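Down below is the structure, laid out as structure tokens.
A note on names: the letters A, B, ... follow the listed sequences, proteins ahead of strands, and every chain is numbered from 1. On a predicted model such as this, the values are computed, not experimentally measured, just so you know.
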Amino acid sequence: MIDIKLIRETPEKVKAMLEARQQHADLSRVDDLVLLDQKRRALVAKADDLKATRNKVSDDIATIKKQKGNADDKIAEMKVVSDNIAALDAELRTIEAEQENILLRLPNMLHESVPLGKSADDNKVHKEVLSFKREFDFTVKDHTQLGKALGILDFERGAKISGAGFPVYVGKGASLERALINFMLDMHLEKHGYKEIFPPFFVNQESLRGTGQFPKFINQVYKVGYEDEEKYEASGVKLYAIPTAEVPITNLHRDEMLKAADLPIKYAGYSACFRSEAGSYGKDVKGFLRLHQFNKVEMVKFTLPETSYDELELLVQDAEDILQALKIPYRVLLLCSGDIGAGAAKCYDIEVWSPAEQRFLEASSCSNFEDYQSRRAHIRFKRDEKSKPEFVHTLNGSGLATSRLMVALLETYQTKEGKIAVPDVLRPYTRFDMVG
RNA sequence: GGAGAGGUGGCCGAGUGGCUUAAGGCGUCGGUUUGCUAAACCGAUGUAGUAUCGUAAGGUGCUACCGGGGGUUCGAAUCCCCCCUUCUCCGCCA
């Protein structure tokens, strides 16, 4: 959420941001907000004035009653004032709700280093690490062919028991997946200094609002409840399956006051991730490329505002370290203004190379949200006891998503015989060297 | 699923309708005293919104906030209703 003061004082900057993000339809919303803000402030002034009167006269009434006097006319007078206050407060609530509804849907301001661009085609290649790229002297198989032939991935049974987009990992495939997760976590904990979090996989709506999925992107999120609708309504429980561990982990410190000395706080955690992928049919549907459930190790940072961009570079490096240890070719993209996510002020994507697809696949997204999430989630800090509270900056990055990583791994490490050589760094975890 | 007890400022903790601008204590910061430390004493010490003054840092006024929401009342931390949550006990359960 961006600061209403920014919209009030420099609406043209907010409009320029929307233009850069190719969200021309939202331009008029800025003007709506300015008007609503003026209305709101006028109402607050009026209502506060009446409340001041009420407080004062109520004290007078107390004094009169103590002296056994008659305060009936003053009480009658205040009854009218109270009714007026109630009317103004009701009007105020309507306007505030309207304002918040717009504000929560507006994207974040962009960092100056974000390149202008209309679409994903305009993203900038920031870095390419292709030294691990293999030359194959045989026809490469793609990950679905390898997975089926080796009996380590079962798409059909996954579809039977759950539906398309829910693959089953079998035998050494399951072990390999678990090895990847453990390897990545250990690296972040031991080498990169993160603290491990194993979060809940279901969260409430407040958490989704904190990180920005609610209200604008709620259609991508699964909602859970009881099959018995009556029981569901009666329970009052509204839970959502997390689309990423970013949601529970960032919200750990929702409504908290952190100490500057404790910053940066760095968490890494594994979670299954659930995405409805509504409206994305026909795009990247093959095998692991787009799933309803996948596994991911996520990194989350809470930082001082002045260090957040340095921390972003380190975050990307932490994710890259995984790929370098696994010896998988990849590149880093700096996303342009037209492709960057709504909450991010700056974002790098890391893409792994798929020898079968002959293209890069997104395996990680590392973003600095600045105070966009912390303002929504009220995550603040004080520099010292006497300082005014400020919003922390939050960052997060996948480190990494195993689904896309598994595609690159299987395809990169396949042998002529159709087996998979386990990368050296994973062998202590799998306790086998070869799949097949 | 059942029974009970809680949720008050950074922390502990009092507070059953108006002398509560939330007692008292701890902590923190500033000061006095002191060879230094400690102690003692004095003072300060929340968040948010809004108006106004100031180039600004900030000052001043008003309003709201005692788990959340709603209600009663001229007036609510206090009374009523709903919800969330923590703890204890019983039952069930991986």
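Using atom C1' as the reference point in both A77(B) and U20(B), the two lie 10 Å apart (nearest Å). For the P atoms, the distance linking G10(B) with G2(B) amounts to 36 Å, nearest Å.
For G49(B), neither phosphate oxygen OP1 nor OP2 lies less than 4.0 angstrom from any side-chain nitrogen or oxygen of R41(A). For G75(B), neither phosphate oxygen OP1 nor OP2 lies less than 4.0 angstrom from any side-chain nitrogen or oxygen of N55(A). Close to A48(B), at under 4.0 Å from its OP1 or OP2, lies a side-chain N or O of R380(A).
Counting any heavy atom pair closer than 4.0 Å across all strands shown, K79(A) reaches sugar-phosphate atoms only and no base atom. Nucleic acid contact for R375(A): none, since no nucleic acid atom lies under 4.0 Å from a heavy atom of the residue.
Taking every side-chain heavy atom of R93(A) into account, G70(B) is the closest of U47(B), C74(B), G70(B). The side chain of R54(A) lies closest to A64(B), out of C62(B), A64(B), G18(B).
Atom CD1 in I61(A) sits about 14 Å away from atom P in U73(B), given to the nearest Å.
In this structure, K301(A) forms no cation-pi arrangement with Y267(A), as its terminal cationic atom is not both closer than 6.0 Å to the ring centre and no more than 45° off the ring axis.
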**Item:** Structure string for RNA chain B in dot-bracket form, Watson-Crick and G-U at under 3.5 Å, | interchain
**Value:** ((((((((.[[[..)..(.....]]]((((((.......))))))((((((((....)))))))).[[[[[..)....]]]]])))))))....

